[in-house]
Number of protein chains: 2
Amino acid sequence: MLTIGKLGEAAGVKVPTIRYYEQIGLLPEPDRSAGNQRLYGQSALDRLAFIRHARELGFPLDAIRDLLSLSDRPDQSCAAADVIARAQLAEVESRLARLTALKGELERMVVQCAGGRIADCRVIEVLGDHSLCATDHQHPESEAAS
Amino acid sequence: MLTIGKLGEAAGVKVPTIRYYEQIGLLPEPDRSAGNQRLYGQSALDRLAFIRHARELGFPLDAIRDLLSLSDRPDQSCAAADVIARAQLAEVESRLARLTALKGELERMVVQCAGGRIADCRVIEVLGDHSLCATDHQHPESEAAS
DNA sequence: CCTAAGGTCTCTAGTAGCTATAGCTTCAAG
DNA sequence: CTTGAAGCTATAGCTACTAGAGACCTTAGG
């Protein structure tokens, strides 16, 4: 049996994050010690490692919730899991495309900056005038994972 | 003079977002009509367009705040602006690298899924076992822009 | 001049995915 | 037995907005 600290260490997840996952129902409420401290077994560790790995791959918690409930029913079709993974892949690809365009624009901007006064600064100028841009860079929307 | 709706339309920014920018001090408090409605002039439009463009390029609001105050002092060196832009470029490059790794992993995962039962699903299996991964994909941290 | 529609006002709360703080209790080592 | 680390709950904060409630203003048509 692991305390929450040991569990976090084993799974590479911070302690408050584990409590947060429990709070939002991603992890079941564990048994408690006589002194009311959480105690976890192997299944909690497996589940938390799964969550962490999916987070690393950028899956949102809602998708992870679905994936977890799928993995709890091993006999069903994996089509649903495939759909979720493909959606995540599409999301990553679209973010990649936007970021690539941004990178080009930022590079152009930085390279052209001659290092003089603000009044001549290419960075400030480009920011103030979108028509100086090569692309139509639409907002890079994204998402985090710790 | 523009109402907040016209300003938003002209700059491509939603009305509540403009009020939000005012609230956090990115935009100055504008004059008001007799009926207490905000009225904006050209300078507000320029400033808002600058902000929008910088957001599209992924700059965080704090960086935009700095860039705006730099652009208000045209005679100073643009070194500081250059630093901010280069930091943003570095951030974008690092996100790109992480996303590229994620994309590879997700592709591997999806391609290997044979479409059978959950118990055999490569997607679920890989998520549950990080050692099946090719890379050490560290968390993709990111950031949004509308 | 009146009315109706649509724009604007303020304020509050919600989103994702945590992180941080305060003030307490429990546990393990010495 | 004491002390310091680790745990507990509860609340608030982070980014950058978005959504909603309920009231007020503005303007075009009749």
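Convention: sequence-line order gives letters A, B, ...; per-chain numbering from 1. The analysis underlying the following values was restricted to heavy atoms, covering all of them including side chains, and did not include hydrogens, waters or symmetry mates.
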**OP:** Check the distance between C:dT10's C1' and B:E29's CD and give it to me in whole angstrom.
**Re:** 13 Å

**OP:** Supply the atom-to-atom distance B:R122 CZ to B:L132 CG, rounded to the nearest 0.5 angstrom.
**Re:** 5.0 Å

**OP:** Compare the minimum distances between each of C:dC27, C:dC9, D:dC17 and the side chain of B:Q37, then state the nucleotide with the smallest one.
**Re:** C:dC9

Original post:
Contact class for B:R19 (heavy atom, under 4.0 Å): base, sugar-phosphate, or nothing?
Top reply: base

Subject >> Separation of atom CG in B:L2 from atom C1' in D:dT26, rounded to whole Å >> reply: 16 Å

Subject >> Contact under 4.0 Å: B:S33 side-chain N or O vs D:dT26 OP1/OP2 >> reply: yes

Original post:
What's the CD-P distance between B:E91 and D:dT15, to the nearest Å?
Top reply: 14 Å

Original post:
Taking atom C1' of C:dG17 as reference, at what distance in whole Å does atom CG of A:L26 sit?
Top reply: 11 Å

**OP:** Between B:K6 and B:Q23, name the one whose nearest nucleotide on DNA chain C is closer to the 5' end.
**Re:** B:K6

Subject >> Below 4.0 Å: OP1/OP2 of D:dC17 and any side-chain N or O of B:Y21 >> reply: yes

Original post:
Is the phosphate of C:dT10, meaning OP1 or OP2, less than 4.0 Å from a side-chain N or O of B:R38?
Top reply: yes

**OP:** Go through C:dC18, D:dA16, C:dT8 for me and flag the one nearest to the A:Y20 side chain.
**Re:** C:dC18

Subject >> Distance, rounded to the nearest Å, where B:I51 contributes CD1 and D:dA16 contributes C1' >> reply: 13 Å

Original post:
Can you check whether A:K14 has a side-chain N or O nearer than 4.0 Å to OP1 or OP2 of C:dT19?
Top reply: yes

**OP:** Taking atom types as modelled, find out whether A:S94 and A:R98 have a side-chain donor-acceptor pair closer than 3.5 angstrom.
**Re:** yes

**OP:** Kindly indicate whether the side chain of A:F50, heavy atoms from C-beta on, has any atom under 4.5 Å from the side chain of B:I124.
**Re:** yes

Subject >> Nearest-Å distance for atom pair CD1/C1', residues A:I18 and C:dC18 >> reply: 13 Å

Subject >> Distance (rounded to the nearest 0.5 Å) between B:E107 CD and B:L102 CG >> reply: 11.0 Å

Original post:
Less than 4.0 Å between a side-chain N and a carboxylate O, is that true for A:E22 and A:R19?
Top reply: no

**OP:** Taking only the side-chain nitrogens and oxygens of A:T17, find out if one of them lies under 4.0 Å from OP1 or OP2 of C:dG17.
**Re:** no

**OP:** Determine: side-chain N/O of A:R32 to OP1/OP2 of D:dG7, distance under 4.0 Å, yes or no.
**Re:** no

Subject >> A:A81 to B:V123 - nearest heavy-atom pair and separation >> reply: O-CG1, 4.1 Å

Subject >> Which nucleotide in C:dT10, D:dA16, D:dT18 has an atom nearest any side-chain atom of B:P16 >> reply: D:dT18

**OP:** Kindly say if B:T3 contacts the phosphate of C:dT8, meaning a side-chain N or O under 4.0 Å from OP1 or OP2.
**Re:** yes

**OP:** Report the residue (B:L61 or B:G35) whose heavy-atom-nearest nucleotide on DNA chain D is the more 5′ of the two.
**Re:** B:L61

Subject >> Whole-Å gap separating C1' (C:dG7) and CD (B:E9) >> reply: 12 Å

Subject >> Distance in angstrom units between A:R52 CZ and C:dC18 P, rounded >> reply: 11 Å

